[in-house]
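See structure below.
The analysis underlying the following values was restricted to heavy atoms, covering all of them including side chains, and did not include hydrogens, waters or symmetry mates.
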Amino acid sequence: LGMKKDFLTEAIDFVENFDQKNIDVIFLTVIGRSGSALIHSLLDNHEEILLLPIIIQIYEDWENLKKYSMDIEYFTKKFIYESSLRENRFIENVSDSKKDQINLKQNLLFSNLLIVLKSITINRKNLLLALHFVYAYTFDIDIKNVKALIVHHHYIRYKTYYEIINSNIEDYLKIFF
């Protein structure tokens with residue numbers, strides 16, 4: 001129970017005080033089949049980079065799911081099991097063992113994300129930050145070493161490139177593309 005309390009305290013701090021942390025947010029925002037999988041695979045597993053091993057459509061997911069955000073458990077289930085996360089759009093060069101680990105730990109990701117989302121205000125920025133924190137926690141990534149949080153996003157499925165850029169700028173004080 002003590003470990004969960006530390007987990008939750010650290011998660012809330014990460015999400016609510018993110019703008020004061022010295023972590024750059026970098027959006028790898030591209031169209032499909034542009035070579036971004038190679039860049040992604042080169043950055044994956046660097047100890048100072050927090051990068052999910054999948055392509056995520058966080059803004060599209062948020063638009064589709066925000067109507068459920070009053071029911072945290074239902075929202076979290078839909079996000080983990082019915083969003084771009086469920087599609088398991090793994091980067092081509094991610095090892096099969098890492099894919100297997102993610103599939104096996106999907107329920108743990110759900111449980112940990114649910115704990116965090118019950119304790120914070122849910123919006124698209126906090127959802128993305130909570131997801132990255134929970135991923136790091138679930139896969140034993142030391143969040144204190146992280147200098148950059150990278151989001152690999154294909155914008156083809158979300159309205160327009162400029163709407164994604166504007167949404168990102170609204171959400172983060174310090175952001176790179």
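From Asp61, atom CG reaches atom CD of Glu63 across 10.5 Å, with rounding to the nearest 0.5 Å. The distance from the CG atom of Asn145 to the CD atom of Glu47 is 5.5 Å, given to the nearest 0.5 Å. Ile122 contributes atom CD1, which lies 3.0 Å from atom CD1 of Ile72 (distance to the nearest 0.5 angstrom). Here the CD1 atom belonging to Ile26 is positioned 4.5 Å from the CD1 atom belonging to Ile150, to the nearest 0.5 angstrom. Taking CG of Leu109 as the reference point, atom CG of Leu131 lies at 7.5 Å (rounded to 0.5 Å). In this structure, CG on Leu114 lies 11.0 Å from CZ on Phe75, to the nearest 0.5 angstrom.
The aromatic rings of Tyr135 and Phe139 are tilted relative to each other, their planes meeting at an angle between 30° and 60°. The aromatic rings of Phe133 and Phe7 are tilted relative to each other, their planes meeting at an angle between 30° and 60°.
A distance-only check finds no donor-acceptor pair linking the side chain of Ser69 to the backbone of Leu65 [under 3.5 Å]. Under a 3.5 Å cut-off, the side chain of Lys78 and the backbone N or O of Tyr68 do not form any donor-acceptor pair. Here the side chain of Asn126 pairs a donor or acceptor atom with the backbone of Thr121 at under 3.5 angstrom. Between the side chain of Asn17 and the backbone N or O of Gln20 there is no donor-acceptor pair closer than 3.5 Å.
Residue Leu128 comes nearest to Val151 through the heavy atom pair CD2-CG2, 3.6 Å, listed as atom of the first residue, atom of the second, then distance. Ile120 and Val15 get closest at one heavy-atom pair: CD1-CG1, 4.0 Å. Scanning all heavy atoms of the two residues, the minimum distance from Leu117 to Ala130 falls at CD2-CB, 4.1 Å. Across Thr138 and Asn112, no two heavy atoms sit closer than the pair OG1-ND2, 3.1 Å.
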Chi angles and distances behind the side chain to side chain contact (heavy atoms under 4.5 Å, CB included) call for Leu52, His152
CA-CA 8 Å; Leu52 299 175; His152 188 175; over 6 Å; no
Test salt bridge (Lys or Arg N to Asp or Glu O under 4.0 Å) on Asp19 and Lys125 and set out the steps.
CA-CA 11 Å; Asp19 291 333; Lys125 176 184 179 181; 2.8 Å; yes
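Shown are Leu42, Leu50, Ile49, Asp44; of these, the side chain to side chain contact (heavy atoms under 4.5 Å, CB included) with His46 is made only by Ile49.
Residue Asn22 places its CG atom among 12 or fewer non-hydrogen atoms of other residues, nucleotides or ligands, all under 6.0 Å distant.
The pair Lys21-Asp13 meets the salt-bridge criterion, with a side-chain N (NZ, NE, NH1 or NH2) lying under 4.0 Å from an Asp/Glu carboxylate O.
Between Val116 and Tyr137 the shortest side-chain heavy-atom distance does not fall below 4.5 Å.
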